[in-house]
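Here it is, the structure in full.
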Amino acid sequence: MNSLRNLVIVGGGTSGWMTAAALAKFLHPQQYQITLVESDAIGTVGVGEATVPHIRYFNEVLGIDENEFMKKTNATYKLGIEFSNWGKLGDAYIHPFGVYGQSRNDISFHHYWLKLQQLGDAGSISDYSVGVVAAAAEKFAYPASDPRSLFSKYSYAFHIDASLYAGFLRDYSIARGVKRIEGKIDQVNQRPDSESIQSVQLASGEILAGDLFIDCSGFRGLLINETLKTGFEDWSHWLPCDRAIAVPSAKTREPLPYTKAIARAAGWQWRIPLQSRTGNGQVYSSKYISDDEVANSLLTNLDGEPLANLNYLRFKTGRRVKCWNKNCVAIGLSSGFLEPLESTSIYLIQVAIMKLVEFFPYADMEAANTDEFNRDMANEYERIRDFLILHYHATARDDSAFWNYCRTMEIPQSLAYKMDLFREQGHVERYKRGMFLEPSWVAVYMGQGIFPKTYHPLVNAQEPAQLQQQLHAMRDTIIAGVRAMPGHAESIKRYCHGDTSEKSWPPAAMSLYGVFS
Amino acid sequence: MINSTDFQHTPIKRIAILGGGMTGWTVAAALANGLRGIGIDIVLIDNAQQTETDLHCEATMPACVAFHQWLGVTEKELVARTGASFLLATQFNAWADQQQQYFMPFGDHGFMLNRIEFPQYVIGRYLQGKPVNYDDYSLAAVAAKAGRFCHPSAQDTSLFSTLSYGLTLNTFAYFNYLRERAVQSGVAHVIAEASTLKLNSDGYIESITLNHIHGALANTPVASQWIGSDGLVAADFYIDCTGAQGNVIGKALHVEWQSLSGQLPVTHVINHVQPISQAQSIPSRRELLTGAAGWIQNLSSQTHTEQQYFYHSSFTSAEQARIAIGAAESAQAKPISIGRREKFWHKNCVAIGESAGNLDVQGAGKLHLVQSAILRFISLFPARMAADFNAAEYNRLTNLEYDHIEDFHSLHYQLAATQDTAYWQQLARVTLSDRLLHKLDLFKKRGLVAFYEGETFSSGVWTSLLLGNGFWPQRYDPLIHSTDAQWVELQLEKMEKMMRSAAEAMPTQSAYLYKQKFTAEIDIRSAANSN
């Protein structure tokens, strides 16, 4: 029935090996031949990488032991991201993988918190997030399994060494029949009639023919861009950072259970704690600052000795107009680029893989099927785009030309609408598909100084004194519960280096906020 | 005159609902419950001419179960007091062809195998030329076919936990029941004719003048609280439940009506109600069948059956339509205006019910849309009457909901457009939305249901509509071949057997109602008859 048979993945790295591993898991080895071609001469971008909780679902589906995964990838746990200096200089807040408090009477918690604030209670909304409180206290415990518990309403991800993850998945894939070919691609051959891709030719002269090609070649997009000339939607007027410099540094303290994102004069700096070292880097806009200035700033701000030379990266923010074009599916950086401010790179790889499996094609690449995949992926990109732009735009900073630009730039209509809606009465636009739901929007809005004019009037149905008492009790429960949690380093030691014969970790979900939220 | 800016920024303290009936009283009972504890007073003003008219029976979707729970209504009491029956599925007869019969259950068919959705395996079987009866894989469909019913099990390992159900209501008894509750929770009821609306300079409603105030109200607390000199009622927010005429949203605020009569072509409905005798069994399905110039819905509550013929007056006369369903000569056809308002929330007015839109009722009925509108309104309920962005969000979400329901309904016509009367031949030429065309294309090519935000119907329901009408895909998920074909065969056989024996273990609806003491209190029969 016109089935396809040969799949060729172009490029190793995180996206290539995640794709290979998932396809090896889902495709019957007698029906499909999966080949991955990668060149030892081409480096991958993989630095220290921060993830979101969805990666646990990917691992679960592949049947990967979480504790072994952590050991193999030098991983630490991650409960959220701390943003410093974004709303204004000196500010800091944590965007947790979890919800704030508990909704009551169908009204979300932040409305009650706003009322409490109006009553003169000065506490932060972060005090009502288990994820934030645990992160700040450098604790880590698995979420509770009782869905009624406050301690079930958060989730966790990891900081990993992405190149180790790629290696781990390479072993997984090869053990399941994926054929790995080392070599540099010299030439891409198209079919004369339909312009789709027929084969790739290696420097060695070897020709790899395929029915479906998966472009995991990174920024350059060897197939999707250089060969098929698929257009690119440029978003750099909204997200003007276009370069990054990365460097690992020596470990100086126990790793934090969260990522740091520190805003700088013309961009921001990440700090990703792994078990044995720290990943660092600055993302910046070359229009506003020179490479040298950033390099200096990066090195000055390291908290340990640099362990390698500086790695200079260039990119353009935006997305491929079609992630899937003809018989080529772009997965990873070849499909678009959004800076790693909210750790979405691996998530975007993962959803593309899951959608490729869901919309798995026949050899003729039926258009309706490809269109639906592209429509879905475009939506995923745009949801994240708006959320990232919010980080830059919701600021009072006027200390540099870069921040003046971001503060005053015109933003997408879809984001302006969401912000207006929130300002009016704290309502967050809801959707079923795409990342970042109400708790995340609330975290960034309030963390960066965007507050509603008023709260939902139904909040007033509760007596102020009673509300105050209940919220204080909730805060105390969280403090006490977090105090009882083991430290982050202790949890790593226990789960990752202890007796791992037993499955200790909780079930995973395609959610940022926990299995039960 | 009040300064208009101050007026618009006053907290909402008084709400006036215009129009009673099923819509008005559902809104009244729901707002009285949903907005309790924040000092809001509610009045409902109705008279016979300014209220949406209801047919005798109304079918709801499973969302009504959660709605009633939220409302604090005990289902057992509701069912017994109003003579409602339980509904598991819709049976379609003679849409795609004369012999066709299939069930559209609430809920999905079969179970996912090896992480691939169940319909893919059925499509695979069909394309291999093997016999397939899709209904056999749905417990709700098999049970509905045999007139059986039981409540879903709370134990999620039980097959019965996969059931979901709606209700078939006697509308008159239902809104009487809700009216009682609403009045008990403090909603004031004024029988009067609403006449002139006074707007301020920014177009917000300041007050409304009442005529022909019901005599019994004179000197009552309700009158003194709500009705000023000259019959003036001043509220902060107005809910228009006056039906298609849209007395407030349309006539006073001039929000336009967008007619869809070209797309969803029925112009009238005529109905025929008959009481059910004690000996008759009560079905757990509703039935939709095609007529020469439209389609017919058969509904059964515990006490009555009703045939409703939705037809187009260019293709049949009221008399022919009446005869087609065997209704009495006195039966009156009611005009239907298919369409929707350009906006649903405008200034300090929200239109709910037929004043907001009338989208046909094959899939989502009127009451479902009313309930969904109320929950949306409460979630966006504004602290001040001027709330432009909450209003915009309400309108955006309502438009999304309506768009997809329109698509769902027009698909019914489209798939049936093989009938040979002039009416159905004309339907075959109706243009479909791009959304629906893409949905049909993807389903045809791969058996997958395209996703849109804000849809009322799940992919499972879309799939049963498409497959039930013989709209089989040309291909299925190629990855089903990664699983051993014999094992899949065995699983399908097992599922079929499971559904059959589970349905056989269920009581008939009549026996269930009797045993569980859900049976209608006897006075419903006569009370409901008066409608």
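In what follows, every chain begins at residue 1, and chains take the letters A, B, ... in the order their sequences are listed.
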Legend entry - Contact origin within B:Leu448 toward chain A - heavy atom pairs under 4.5 Å: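 The answer is the side chain of B:Leu448.
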Inset, instruction - Heavy atoms only, distances under 4.5 angstrom: which of A:Val459, A:Thr454, A:Asp364 has the most pairs with chain B? Name it, please. - result: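 Going by pairs under 4.5 Å, I would pick A:Asp364.
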Inset, instruction - Sort A:Tyr32 into side chain, backbone, both or neither according to what part of it lies under 4.5 angstrom from a heavy atom of chain B. - result: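 The answer is the side chain of A:Tyr32.
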Inset, instruction - Indicate the atoms forming the closest heavy-atom contact of B:Leu31 with B:Phe377, along with that distance. - result: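 Answer, listing the atom of B:Leu31 first, then B:Phe377: CD2-CD2, 4.1 Å.
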Legend entry - Segment of A:Pro29 engaging chain B (4.5 angstrom heavy-atom cut-off):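 Neither; nothing under 4.5 Å.
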Inset, instruction - Would you mind checking which part of B:Pro11 comes under 4.5 Å of any heavy atom in chain A, side chain (CB onward), backbone (N, CA, C, O), both or neither? - result: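 Contact with chain A: none, neither part.
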Legend entry - Pairs of heavy atoms under 4.5 Å with chain B: top-ranked of A:Leu421, A:Asp371, A:Asn460: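 Among A:Leu421, A:Asp371, A:Asn460, the one with the most close pairs to chain B is A:Leu421.
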Inset, instruction - Indicate the ring-plane relationship of B:His404 and B:Tyr452, choosing parallel, tilted or perpendicular according to the 30° and 60° boundaries. - result: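 B:His404 vs B:Tyr452 ring planes: parallel.
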Inset, instruction - Measure from the ring center of A:Phe436 to the ring center of A:Trp441 and say whether it is less than 6.0 Å. - result: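 Aromatic pair excluded; centres sit 6.0 Å or further apart.
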Inset, instruction - Would you please indicate yes or no on a ring centroid separation below 6.0 angstrom for A:Phe26 and A:Phe360? - result: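 Ring centroids of A:Phe360 and A:Phe26 are no less than 6.0 Å from each other.
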Inset, instruction - Tell me, out of A:Lys432, A:Arg433, A:Gln31, who's got the most heavy-atom pairs with chain B below 4.5 Å. - result: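 Counting heavy-atom pairs under 4.5 Å, the top option is A:Arg433.
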Legend entry - Plane angle bin for B:Phe457 and B:Phe408 - parallel if under 30°, tilted between 30 and 60°, otherwise perpendicular: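 Rings of B:Phe408 and B:Phe457: parallel, under 30°.
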Legend entry - Which portion of B:Phe443 sits near chain A, non-hydrogen atoms under 4.5 angstrom: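 Contact with chain A: none, neither part.
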Inset, instruction - Under 4.5 Å, counting heavy-atom pairs only, tell me which of B:Leu479, B:Asp441, B:Asp477 racks up the most with chain A. - result: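 Result: the option with the highest number of such pairs is B:Leu479.
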Inset, instruction - State whether the number of non-hydrogen atoms from other residues, nucleotides or ligands found under 6.0 Å of A:Gln466 atom CD is greater than 12. - result: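 Yes.
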Inset, instruction - Name the option with the most non-hydrogen atom pairs under 4.5 Å to chain B; the candidates are A:Leu27, A:Asp106, A:Leu4. - result: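 Heavy-atom pairs under 4.5 Å are most numerous for A:Leu27.
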Legend entry - Heavy-atom contact with chain A under 4.5 Å, split by part of B:Ile378: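 The answer is both parts of B:Ile378.
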Inset, instruction - Below 4.5 Å from any heavy atom of chain A, which atoms of B:Asn114 appear? Answer side chain, backbone, both or neither. - result: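 The answer is neither part of B:Asn114.
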Inset, instruction - For A:Lys322, look at atom NZ and say whether over 12 heavy atoms of other residues, nucleotides or ligands are found less than 6.0 Å away. - result: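 No, the 6.0 Å shell around NZ holds no more than 12 heavy atoms from other groups.
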Legend entry - Under 4.5 Å from any heavy atom of chain A - which part of B:Thr483: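 Neither part; nothing is under 4.5 Å.
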Inset, instruction - Identify which of A:His28, A:Gln30, A:Glu372 forms the greatest number of heavy-atom pairs closer than 4.5 Å to chain B. - result: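 Of A:His28, A:Gln30, A:Glu372, A:Glu372 has the most heavy-atom pairs under 4.5 Å with chain B.
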Legend entry - Side chain / backbone / both / neither for B:Arg36 at chain A, heavy atoms under 4.5 Å: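 Only the backbone of B:Arg36 comes within 4.5 Å of chain A.
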Inset, instruction - May I ask you to name which of A:Arg423, A:Lys453, A:His427, A:Glu358 has the most heavy-atom pairs under 4.5 Å with chain B? - result: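 Maximum pair count with chain B is reached by A:His427.
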Inset, instruction - Answer yes if the ring centres of A:His110 and A:Phe451 are under 6.0 angstrom apart, and no otherwise. - result: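 So the answer is no for these two rings.
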Inset, instruction - May I ask you to check whether over 12 heavy atoms, not counting those of B:Gln128, lie within 6.0 Å of atom CD? - result: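 Yes, because the 6.0 Å sphere around CD of B:Gln128 holds more than 12 heavy atoms from other groups.
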Inset, instruction - Please flag which part of A:Gln462 lies under 4.5 Å from any non-hydrogen atom of chain B: side chain, backbone, both or neither. - result: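 For A:Gln462, there is no contact with chain B at all, as no heavy atom is under 4.5 Å.
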Legend entry - Within the 6.0 Å centroid threshold, strictly below: B:Trp462 and B:Phe471: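 When the ring centroids of B:Trp462 and B:Phe471 are compared, they turn out to be at least 6.0 Å apart.
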Legend entry - B:Glu453, CD atom: more than 12 neighbouring heavy atoms under 6.0 Å: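 Counting neighbours around CD of B:Glu453, more than 12 heavy atoms of other residues, nucleotides or ligands fall under 6.0 Å, so yes.
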